[in-house]
Structure formats: structure tokens, C-alpha cells
Asker: 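Below you will find the structure I want to go over with you.
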Amino acid sequence: MASNRIKTGNSLQTRKLWKLFAVCLVMTVLGLVFVFQQIKIHQLADEIDGLEDHLSQVRQKNSVLRLEIEKQKSPEELKHKVAFHGLRMIEMSDPSIQVVEARVTGKAMVADRRIRQ
């Protein structure tokens, strides 16, 4: 009979130990999942910060390029380029200039009908 008591007492201890082991295992798994998620969140936050920095750099470069485009479109800059490259251009306000439509290409051409002396 003593052996029956030992088996019964031992099985109760074993069940408690298995329950404790199962609880510890579940807590460990949940802890690892939590830590993994926190690491992933921090990695994504760092990536977002990097992308925001890149976006601000692109926006700044875009504004600089827009200013450059506006500068290149200005009449003063165009006059300077024409003078630099030695192009002989005439003012469009001159009444002796007539715009003629080309039949072949469909583009407008300028004809200078000035009286040459």
C-alpha cells in the first residue's frame, strides 16, 4: 500500500510541475513575441525617419530646381544667352516683321522684310 501512496502523491506533484512548465513556456513565448514586435517597431520607425529625411531633401532640391527654371525663363537671362552665343535676333515688336505659315512643316516662320541699305 505504501507504493500506491507514493504513486498518487508523485502524480500530483508531476501535474503541478507540468502546469508550471506550460505556464512558463507560454509566458516565454509571449515575451519573445512582444520583444520581436518591439524590435520590428523600432526598425520601422528608423526606416520612416530615414524616408522623411530623404523626402525633405528631395523637396528642398525640387524648390532649388524650380527657382533655377524660373531664372532660366526670365527675359534678362534669355537676352544674356542670346548675346553670349552671338545669335542675331530681332525684336518681335518691329512692324516690318511678318509671321508666315509654312505649308510643309506646319510651323510658323519669321520673315524679315526690312529695307536693306
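Each residue takes its place number in the sequence, starting with 1.
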Asker: Report, one line per pair, each donor and acceptor closer than 3.5 Å where one atom sits in a side chain of residues 58-71; sequence neighbours left out.
Answerer:
unit_1 : atom_1 : unit_2 : atom_2 : d
S63    : OG     : Q60    : O      : 2.7
E68    : OE2    : Q72    : NE2    : 2.9

Asker: Could you tell me the separation between the CD1 atom of I48 and the CG atom of L55, rounded to the nearest 0.5 Å?
Answerer: 12.5 Å

Asker: Starting from L30, walk the hydrophobic network (Ile, Leu, Val, Met, Phe, Trp, Tyr; side-chain heavy atoms closer than 4.5 Å) and list everyone else you reach, by chain and number.
Answerer: V26

Asker: Output every pair passing side chain to side chain donor-acceptor pair (under 3.5 Å) with a member in residues 32-55, not counting sequence neighbours, ordered by first then second residue.
Answerer: none

